[in-house]
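Quick note on labels: first sequence line is chain A, next is B, and so on, each numbered from 1. When reading the values below, keep in mind they use all heavy atoms of this one structure, side chains included, and skip hydrogens, waters and symmetry mates.
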2 protein chains.
Amino acid sequence: MQELSTFELEVMHFFWEEGDLTGPDVYQRIADQRDVAYTTVKTIIDRLEGKGALKRHRSYGRTIVYRAAIQRGSTKMRHLRRFIDSVFRGDSRELFTTLLHDDQLSLDDLGYLESLLVQKRHDKDEKER
Amino acid sequence: MQELSTFELEVMHFFWEEGDLTGPDVYQRIADQRDVAYTTVKTIIDRLEGKGALKRHRSYGRTIVYRAAIQRGSTKMRHLRRFIDSVFRGDSRELFTTLLHDDQLSLDDLGYLESLLVQKRHDKDEKER
DNA sequence: TTTTATGTTCTACACATGTAGTTATAAGCT
DNA sequence: AGCTTATAACTACATGTGTAGAACATAAAA
């Protein structure tokens with residue numbers, strides 16, 4: 001898969017959250033948040049289709065219903081890896097450090113991370129034993 | 001500060017790691033890893049100078065010695081925030097989840113993360129008490 | 001001192017991306 | 001059936017980025 005741009009990812013989120021959508025559907029959601037032309041949104045959808053991230057599912061009248069054709073988890077993982085490579089030269093630990101220096105993280109967020117971590121270490125421990 | 005591209009970041013890393021460098025110095029390091037023309041590298045340096053990320057420190061002969069003019073920590077933090085915004089819609093917890101799903105993380109990495117976390121929680125606890 | 005090599009500057013170009021106008025077309029209303 | 005409007009399809013354009021050649025200048029070598 002080719003990589004997705006910021007705007008393309010933004011659009012994919014709607015499909016991942018809500019399932020099948022039309023051009024006007026997506027336009028509506030984005031126009032709620034900021035000023036954008038319908039054709040701009042439609043261009044992004046067209047490009048996503050070209051990249052194989054969306055496919056035409058069906059249509060009613062002249063309106064096309066699109067559906068996500070790539071998975072959320074693997075897409076995010078790919079982007080994360082690419083990010084770590086470019087910003088931290090592939091060193092995950094540098095990401096950890098930067099992440100933990102972020103003052104915008106709440107105690108709650110930290111607790112959440114801890115719980116994930118404990119779980120993961122447990123699983124991994126089991127498996128490698 | 002304008003944002004830095006992948007290539008620009010790659011170059012900044014050398015300055016952050018090694019201090020002052022000349023065009024040929026940087027070229028050498030990158031050419032070690034992949035095929036690139038000297039002028040390509042020099043263009044990136046020029047753009048970094050234009051963006052205020054590098055400044056001319058001194059020169060000997062026709063050769064210019066550059067020095068980093070932006071900080072590593074804050075730059076990475078900015079990039080991290082931007083990344084979380086675009087890929088995870090600003091939700092750090094989604095990053096945590098994706099991160100912890102990465103099978104390429106070793107038990108050691110996880111231990112490292114845990115130690116950072118414990119430290120951070122301790123500090124924050126103190127402060128907010 | 002003439003030649004050669006090396007570094008800087010300037011210019012260029014293809015591709016990705018965000019942005020949107022124009023044109024065509026088909027639905028739906030009157 | 002004709003008019004209006006919503007949607008799709010196509011085209012366009014500025015900017016950022018990776019890429020590098022060409023022209024120029026000067027240090028180093030012969």
Side-chain angles (χ1 to χ4, degrees), chain A residues 1-14 20-67 75 78-79 82-83 85-87, chain B residues 1-14 20-67 75 78-79 82-83 85-87:
Chain A
M1 247 292 287
Q2 268 175 92
E3 283 312 334
L4 305 183
S5 73
T6 302
F7 200 166
E8 287 164 354
L9 266 176
E10 184 186 2
V11 169
M12 287 309 299
H13 277 298
F14 292 112
D20 301 352
L21 296 167
T22 67
D25 289 339
V26 177
Y27 168 66
Q28 189 96 60
R29 285 159 180 72
I30 295 176
D32 268 4
Q33 305 177 297
R34 65 195 142 90
D35 206 33
V36 70
Y38 170 73
T39 46
T40 300
V41 175
K42 187 56 166 61
T43 298
I44 299 301
I45 291 177
D46 292 344
R47 287 180 185 164
L48 283 168
E49 194 191 356
K51 290 182 176 183
L54 290 179
K55 60 171 202 277
R56 284 158 194 247
H57 180 53
R58 61 190 178 80
S59 44
Y60 55 91
R62 75 213 113 140
T63 309
I64 304 159
V65 178
Y66 294 90
R67 170 171 292 185
T75 302
R78 255 201 336 281
H79 279 267
R82 191 167 57 113
F83 174 72
D85 285 346
S86 87
V87 178
Chain B
M1 247 292 288
Q2 268 174 92
E3 283 311 334
L4 305 183
S5 73
T6 301
F7 201 166
E8 287 164 354
L9 266 177
E10 183 186 2
V11 169
M12 286 309 298
H13 277 299
F14 293 113
D20 301 352
L21 295 168
T22 67
D25 288 339
V26 177
Y27 169 67
Q28 189 96 59
R29 285 159 179 73
I30 295 175
D32 268 5
Q33 305 177 297
R34 66 196 141 88
D35 206 33
V36 69
Y38 170 72
T39 47
T40 299
V41 174
K42 187 56 166 63
T43 298
I44 298 302
I45 291 177
D46 292 344
R47 288 180 184 165
L48 283 167
E49 195 191 355
K51 289 182 178 185
L54 290 179
K55 60 173 202 276
R56 283 158 195 246
H57 179 53
R58 61 190 176 81
S59 45
Y60 55 90
R62 77 213 112 144
T63 308
I64 303 161
V65 179
Y66 294 90
R67 171 170 292 186
T75 302
R78 255 202 335 281
H79 278 268
R82 192 166 57 114
F83 173 72
D85 284 346
S86 88
V87 177

Classify A:Thr40 by what it touches in the nucleic acid, base, sugar-phosphate, or nothing, heavy-atom distance under 4.0 Å. base
When you look at A:Asp25 and A:Thr22, which way does the side-chain hydrogen bond (donor to acceptor under 3.5 Å, both in side chains) test go after all the steps? CA-CA 5 Å; A:Asp25 289 339; A:Thr22 67; 3.1 Å; yes
Give, for atom [atom1] of [X] and atom [atom2] of [Y], the distance between the pair rounded to the nearest 0.5 Å.
X: A:His79; Y: A:Arg82; atom1: NE2; atom2: CZ; answer: 5.5 Å
X: B:Asp46; Y: B:Ile64; atom1: CG; atom2: CD1; answer: 8.0 Å
X: A:Asp20; Y: A:Arg58; atom1: CG; atom2: CZ; answer: 7.0 Å
X: A:Tyr66; Y: A:Arg56; atom1: OH; atom2: CZ; answer: 4.0 Å

Does some side-chain heavy atom of B:Ile45 sit less than 4.5 Å from a side-chain heavy atom of B:Tyr27?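 No. Closest side-chain heavy atoms not under 4.5 Å.
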Could you state the [atom1]-[atom2] distance from [X] to [N], rounded to the nearest angstrom?
X: B:Tyr27; N: C:dT8; atom1: OH; atom2: C1'; result: 16 Å
X: A:Tyr38; N: C:dT23; atom1: OH; atom2: P; result: 19 Å
X: A:Ile45; N: C:dA20; atom1: CD1; atom2: C1'; result: 15 Å

Map A:Arg34 and B:Pro24 onto DNA chain C by nearest heavy atom, then report which one ends up closer to the 5' terminus.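 Result of the comparison: B:Pro24.
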Tabulate protein N/O versus nucleotide N/O from nucleotides 24-28 of chain C, keeping only pairs under 3.5 Å, one per line.
| unit_1 | atom_1 | unit_2 | atom_2 | d |
| --- | --- | --- | --- | --- |
| C:dA27 | O4' | A:Arg62 | NE | 3.3 |
| C:dA27 | O4' | A:Arg62 | NH2 | 3.2 |

With a sphere of 6.0 Å drawn around CD of B:Glu3, does it hold more than 12 non-hydrogen atoms of other residues, nucleotides or ligands? yes
Quick check: does any side chain N or O of B:His57 sit under 3.5 Å from a backbone N or O of B:Leu21, one acting as donor and the other as acceptor? no
Go along nucleotides 9-17 of chain D 5' to 3' and tag each nucleotide: B for a protein heavy atom under 4.0 Å from its base, S when only backbone or sugar atoms are that close, - otherwise. B-------B
